[in-house]
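Since the model is a prediction, treat every value here as computed from it, not as a measurement. Numbered from 1 within each chain, the chains take letters A, B, ... in sequence-line order.
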Number of protein chains: 2
Amino acid sequence: MNMAMIDDRMLPTDELDKAYLDRGLYFGDGVYEVLRSYDGRIFALDEHLARFERSLKEILIAGVDMAAVRQRIESAFAESGYPNAKIYFHVTRGSEPRSHLPGEGLRPNFMLTVEALGDDDPAKRQGVGVWTHPDWRWKRCDIKSLNLLANVLARIAVQDKGASEAILVDEAGRITEGAGSAFFAVDGSEKILMTRPLGPEILPSITRAIVTQIAQNIGLTVVQKAQRPAQAAACDELFLAVTTKDIVPITRFEGRPVGNGNVGEVTGKLMAEFAAFVRK
Amino acid sequence: MNMAMIDDRMLPTDELDKAYLDRGLYFGDGVYEVLRSYDGRIFALDEHLARFERSLKEILIAGVDMAAVRQRIESAFAESGYPNAKIYFHVTRGSEPRSHLPGEGLRPNFMLTVEALGDDDPAKRQGVGVWTHPDWRWKRCDIKSLNLLANVLARIAVQDKGASEAILVDEAGRITEGAGSAFFAVDGSEKILMTRPLGPEILPSITRAIVTQIAQNIGLTVVQKAQRPAQAAACDELFLAVTTKDIVPITRFEGRPVGNGNVGEVTGKLMAEFAAFVRK
């Protein structure tokens, strides 16, 4: 008989819950999004849903009702009662006995969680330290997939150095992005904001898009160019952009202070503009 | 309240089964192995356990009792009653609310399945067709991790071309391995067996190791060198090596016959030797 074990429990495979036959578990065969709300309103929902739909298409998962996804997000958010919430959701290709090639007629699995999110993160006020790590990820980082082991390993590695984000560096020695964030550098005197151009090496971050828009509004020139770690370390200001915290100043790069070691002036201005933008 | 949804079902996150909080699902944060038995005996169990232990170490999962893993494999295999079985198992870092950085005191999750395996696969007798696909995988393919979306997408892509395995090609235009197998080429007149050298780009395949040993036993010279698809296509014989089927002849490469289009002489000899070896 086809047998299965979950930890020490043996059972016929037929009796396994479908969660244990999820292709998300066996292959990371799914895509996800993370949203947040500000003061009772989900931020940039359309943009996240559009990116999610693209991710599904890129990995050839069909049959997902996007209107139903939107409704689930809205109803779970309402049910949570949190004005400031973090909403995670994913879709996997479905559940079936493990086989690389998916079977016919699979039905995608949906999962979502909502949790409370504070807006008073000390990381935002004081800045964080970052450290570089080789970018071991796959070649389609433009797809927001469940294959995130490289990101996890990078985070674990830099934690040992007291850093809270890993800045990933490609084989050409250039920064791609953070393990869970977009990466920006500021040249204060020239009023330039630098970040890597979009491509298969990085996620088309929605927060990144908003930051570059806001930057232009306040008179910065946005230059899309990949930097070496040494170039980044020499910049006046550095920061991360991530959905759950929008802009997070980087005050230490590989153990050394960035600029004067405090949250930079341009970064502070962008943070204030971002805060105004999300509550418009 | 922290809320979750599984498909259309809403529930407090606290009530989620731990399967839905598995870091294997969120990040592919785990490693796996596939074993097979021949006539009631699990083949190369020590070798697979050693590789598994190395994979665990490489992704920094500690606290897995390898003796217990061995015992679970043996007891589930015995319970199945299958003389020829395929045994899959994985360990993930554990279950907890989603966060890239793992929490303290996580307990790894174990899962295993056993199913029947026939030894009369027509693919082995008639050979299979393969097609190339860009190798989109991460940079640590020496770790047998649950991050397999690139492998899945490659299989789906070549299926549309009537091929049953994708031969992955790196950015330098050289073959790494199959999406789920090792790749070998034979120069019949020179009695040479060619395969890519071990490194972070390929899995240290146990079947590959046995094949190269057997090849030397029957007088072949093993040359470890990465090939371009055009070089492979021009070889006398090609084959795949994979645990569940050991050696599978390739008779069509990108739609064209390999050699005379039949299972090659050297491949046939290796298959016979392998069959003898596993039942020694």
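For chain B, the option among A:Gln159, A:Gln71, A:Arg23 with the highest count of heavy-atom pairs below 4.5 Å is A:Gln159. Across A:Asp22, A:Asp17, A:Val69, A:Ile59, the residue that shares the most heavy-atom pairs under 4.5 angstrom with chain B is A:Ile59. With chain B as the partner, the residue from A:Ala116, A:Ala85, A:Gly30, A:Ala19 showing the most heavy-atom pairs under 4.5 Å is A:Ala19. Chain B forms more heavy-atom pairs under 4.5 Å with one residue of A:Ser145, A:Gly24, A:Ala154, A:Ser99 than with any other, namely A:Gly24. Interface summary for chain A: among B:Ser80, B:Ala68, B:Ser75, the most heavy-atom pairs under 4.5 angstrom belong to B:Ser80. Comparing B:Ala4, B:Pro12, B:Gly180, B:Pro97 by how many heavy-atom pairs each has under 4.5 Å with chain A, the most go to B:Ala4. Here B:Ala150 is the residue among B:Gly81, B:Ala150, B:Pro200, B:Pro134 with the most heavy-atom pairs under 4.5 Å with chain A. Here B:Arg72 is the residue among B:Arg155, B:His90, B:Glu79, B:Arg72 with the most heavy-atom pairs under 4.5 Å with chain A.
With a threshold of 4.5 angstrom between heavy atoms, B:Arg137 approaches chain A through N, CA, C or O but not through any side-chain atom. Using a 4.5 Å cut-off between heavy atoms, B:Leu16 touches chain A through its side chain atoms alone. Looking at B:Arg9, neither its backbone nor its side chain comes within 4.5 Å of chain A, counting heavy atoms on both sides. Using a 4.5 Å cut-off between heavy atoms, A:Ser164 does not touch chain B at all. Contact annotation for B:Val158: neither backbone nor side-chain heavy atoms come within less than 4.5 Å of a heavy atom of chain A. Interface remark: B:Asp8 contributes backbone and side-chain atoms alike to the contact with chain A (heavy atom separation under 4.5 Å). Using a 4.5 Å cut-off between heavy atoms, B:Glu171 contacts chain A through its side chain alone, with no backbone atom that close. Proximity to chain B (any heavy atom under 4.5 Å) is restricted, for A:Pro108, to the backbone atoms N, CA, C and O.
Atom-to-atom distance recorded for B:Ile6:CD1 and A:Met111:CE is 4.5 Å, nearest 0.5 angstrom. Here B:Glu58 contributes atom CD and A:Leu149 contributes atom CG; the two are 11.0 Å apart, rounded to the nearest 0.5 Å. In this structure, OG1 in A:Thr113 is found 13.5 Å from OH in B:Tyr20, a value given to the nearest 0.5 Å. If you take CG on A:Leu153 and CG on B:Leu60, they are separated by 6.0 Å, rounding to the nearest 0.5 Å. In this structure, the separation between CG on B:Asn151 and CG on A:Asp29 is 10.5 Å, given to the nearest 0.5 Å. For the atom pair CE (B:Met3) and CD (A:Glu115), the distance works out to 13.5 Å, reported to the nearest 0.5 Å.
The two residues A:His100 and B:Ala179 have their closest heavy-atom pair at NE2-O, 4.2 Å.
B:Arg140 forms a cation-pi arrangement with A:Trp136, by the criterion of a distance under 6.0 Å to the ring centre and an angle within 45° of the ring axis.
Side-chain contact between A:Ile156 and B:Arg93 is present, with at least one heavy-atom pair separated by less than 4.5 Å. Using a 4.5 Å cut-off on side-chain heavy atoms (C-beta onward), B:Thr92 and A:Leu25 make contact. Residues B:Asn2 and A:Tyr82 meet the side-chain proximity criterion, which asks for heavy atoms closer than 4.5 Å. Under the 4.5 Å side-chain criterion, counting only non-hydrogen atoms from C-beta, A:Asp7 is not in contact with B:Arg107. Side-chain atoms of A:Val114 and B:Met10, non-hydrogen and from C-beta on, never get closer than 4.5 Å to each other. Contact check for A:Tyr88 versus B:Arg98: side-chain heavy atoms found under the 4.5 Å cut-off.
Between A:Lys139 and B:Asp170 there is no salt bridge, since no side-chain N of the basic residue sits under 4.0 Å from a carboxylate O of the acidic one.
Within a 6.0 Å sphere centred on NZ of A:Lys57, heavy atoms belonging to other residues, nucleotides or ligands number 12 at most. Around atom CE of A:Met66, more than 12 heavy atoms belonging to other residues, nucleotides or ligands sit under 6.0 Å away.
Between A:Tyr32 and B:Tyr26, the ring center distance fails the sub-6.0 Å criterion.
Side-chain atoms of A:Asn147 come within 3.5 Å of backbone atoms of B:Leu148 as a donor-acceptor pair (strictly under, hydrogens ignored).
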